[in-house]
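Note on naming: letters A, B, ... go to the chains in the order of the sequence lines (proteins, then strands), and numbering restarts at 1 for each one.
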Amino acid sequence: MGLEIPLPRLQRAVLRWYTRHARSLWWRRLSPEPYQVLVTELMLQQTQAQRVERVLPRFFQRFPTIRSVAEAPLAEVIRWWQGLGYNRRARFLWECAQTIVQHYGGCFPSELEQLRRLPGVGAYTAAAIATFAFGRQDVPVLDTNVRRVLQRILGTEHTSARELERIAREWLPGGASAQWHQALMDVGALYCHKHHPRCSECPLRRYCRSAGRVPPSARSMQRCEPSFAGIPRRLWRGRLLRLVAVAGTVTTEQAAQRLFGERPTGEQQRWIEELVAHLVRDGLLCRQGSWLSLPDGL
DNA sequence: AAGGCGGGGTC
DNA sequence: GACCCAGCCTT
């Protein structure tokens with residue numbers, strides 16, 4: 001339904017293109033074991049593949065197995081996460097490791113429901129692990145790339161999330177679900193950009209109802225972030241966390257000096273306190289009196 | 001349903 | 001500058 005050409009032809013075109021033009025992403029050379037897929041997918045959440053590629057090899061060198069994560073202090077995982085952003089994901093990974101080692105005896109769950117219950121694992125990541133690590137063939141893996149590509153092929157303005165999922169399930173090629181989704185992600189990343197799609201070069205242009213006439217997407221609402229001295233709070237949080245990760249232990253006053261200079265104002269000190277409160281609440285920072293350190297997780 | 005979350009790349 | 005990115009959790 002909604003297709004210009006028979007479904008099997010689209011599927012063959014996608015899979016054939018993928019065999020010849022897949023991005024040579026570092027993790028695609030790994031044999032897909034669940035632990036490695038989990039780490040990779042967590043890192044890829046809202047984070048571009050190119051940056052994950054730079055961090056992933058040394059992360060796996062330090063943490064080769066789920067057990068190595070579970071046995072490490074949380075602080076160590078947070079340190080090795082630095083540079084990736086969304087630092088809560090580091091804690092989620094560590095918590096996943098605790099759960100899998102303690103509750104599943106170190107053996108990864110393969111059912112969607114079980115995966116979905118792991119911290120930091122939502123609908124996308126659960127489907128990705130089931131498909132890429134366990135070879136599930138009947139689950140659509142819907143990230144922003146796949147959604148956008150499917151939506152554009154359909155050419156309809158707004159397909160509801162529910163409807164799009166139904167279609168994505170219907171279009172799954174038997175026996176090649178992993179390659180199918182990887183291919184659609186590559187097309188999304190290389191050609192089917194959100195704003196300036198390169199339709200004339202796209203391998204799917206002959207099968208796509210939107211080819212060459214993608215309507216200019218409306219400006220998304222700019223969200224006015226809370227900020228201090230013109231710098232958004234989330235970036236201050238990142239700076240403070242990195243500071244503690246490097247220093248090991250600092251007082252709030254030392255942290256204020258490192259962030260603002262020798263004599264931080266009262267306002268600046270209060271700002272530090274707010275950042276600390278946020279990071280403590282998220283389980284990324286540990287506070288004892290005025291001393292700050294990364295949590296060990298125990 | 002909407003806001004917040006990191007950091008770097010892009011236009 | 002504004003916007004984006006292999007999402008998720010919280011309110």
Table of protein N/O atoms under 3.5 Å from nucleotides 9-11 of chain B N/O atoms:
none

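- With sequence neighbours excluded, no residue forms a side-chain hydrogen bond (donor to acceptor under 3.5 Å, both in side chains) with D296(A).
- Counting only distance, with no hydrogens or angles, the side chain of Q137(A) and the backbone of G174(A) share no donor-acceptor pair below 3.5 Å.
- The distance from atom CE of M43(A) to atom C1' of dG6(B) is 14 Å, rounded to the nearest whole Å.
- In the interface, the side chain of R51(A) is paired with the base of dG7(B) through a donor and an acceptor atom under 3.5 Å apart.
- Contact check for R152(A) versus C192(A): side-chain heavy atoms found under the 4.5 Å cut-off.
- dA1(B) and dA6(C) are spaced 24 Å apart, taking the C1' atom of each and rounding to whole Å.
- Looking at residues two or more places apart in sequence or on another chain, you find no side-chain hydrogen bond (donor to acceptor under 3.5 Å, both in side chains) involving R12(A).
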Using a 3.5 Å cut-off and no angle test, enumerate the donor-acceptor pairs between side-chain atoms of residues 24-44 of chain A and protein atoms at least two apart in sequence or in another chain.
unit_1, atom_1, unit_2, atom_2, d
R28(A), NE, Q182(A), OE1, 3.1
R28(A), NH1, R23(A), O, 2.9
R28(A), NH1, D186(A), OD2, 2.9
R28(A), NH2, Q182(A), OE1, 2.8
R28(A), NH2, D186(A), OD1, 2.9
Y35(A), OH, F63(A), O, 2.6
T40(A), OG1, Q36(A), O, 2.7
E41(A), OE1, Y124(A), OH, 2.7

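- Taking only side-chain nitrogens and oxygens, T125(A) comes nearer than 4.0 Å to OP1 or OP2 of dC8(C).
- Contacts of R67(A) classified as side-chain hydrogen bond (donor to acceptor under 3.5 Å, both in side chains), with partners at least two apart in sequence or in another chain: none.
- Evaluation of the side-chain hydrogen bond (donor to acceptor under 3.5 Å, both in side chains) rule for Q179(A) yields no partner, not counting sequence neighbours.
- For the OP1/OP2 pair of dG7(C) and a distance below 4.0 Å, the side-chain nitrogens and oxygens of Q46(A) include at least one atom meeting the criterion.
- Between dC9(C) and dG8(B), the two C1' atoms lie 23 Å apart (nearest whole Å).
- For the C1' atoms, the distance linking dT10(C) with dG7(B) amounts to 22 Å, nearest Å.
- Using atom C1' as the reference point in both dC4(C) and dG6(B), the two lie 13 Å apart (nearest Å).
- Residues of residues 277-287 of chain A that place a heavy atom closer than 4.0 Å to DNA chain C do not occur.
- For dC4(C), the OP1/OP2 oxygens have no side-chain nitrogen or oxygen of H193(A) closer than 4.0 Å.
- A cation-pi contact, defined as under 6.0 Å to the ring centre and within 45° of the axis, is absent between R233(A) and W236(A).
- Judged as a side-chain contact (heavy atoms from CB on, under 4.5 Å), and not counting sequence neighbours, the contacts of P109(A) are I100(A), Y104(A), Q114(A), L115(A).
- Residue pairs meeting the ring-ring contact (aromatic ring centres under 6.0 Å, His included) criterion with at least one member in residues 273-298 of chain A: none, sequence neighbours excluded.
- Taking atom C1' in both dC8(C) and dG9(B), one finds a spacing of 22 Å when rounded to whole Å.
- When side chains are defined from C-beta on, W17(A) counts as touching V187(A), because their heavy atoms get closer than 4.5 Å.
- Using a 4.0 Å heavy-atom criterion, one finds that R88(A) contacts the bases of the nucleic acid, with or without backbone contacts as well.
- Put simply, the side chain of H103(A) reaches to within 4.5 Å of the side chain of T99(A), judged on heavy atoms.
- If you check every strand for non-hydrogen atoms under 4.0 Å, A128(A) touches nothing.
- The line from SG of C208(A) to CG of L10(A) is 9.5 Å long, rounded to the nearest 0.5 Å.
- Applying a 4.0 Å cut-off to non-hydrogen atoms, the residues of residues 132-147 of chain A that approach DNA chain C are D143(A), T144(A), N145(A), listed by residue number.
- Across dG6(B), dA6(C), dG4(B), the shortest atom-to-atom separation from the side chain of P226(A) is found for dG4(B).
- Closest-nucleotide positions on DNA chain C for F92(A) and R234(A) were compared, and the one nearer the 5' end corresponds to R234(A).
- When the side-chain contact (heavy atoms from CB on, under 4.5 Å) test is applied to E253(A), the partners found at least two apart in sequence or on another chain are T251(A), Q257(A).
- Residue L241(A) is out of contact with every strand shown, counting any heavy-atom pair closer than 4.0 Å.
- For the pair Q45(A) and R148(A), both in contact range of DNA chain C, the more 5′-proximal nearest nucleotide belongs to R148(A).
- DNA chain C is contacted by R23(A), L25(A), W27(A), R28(A) of residues 21-38 of chain A, taking any non-hydrogen atom closer than 4.0 Å.
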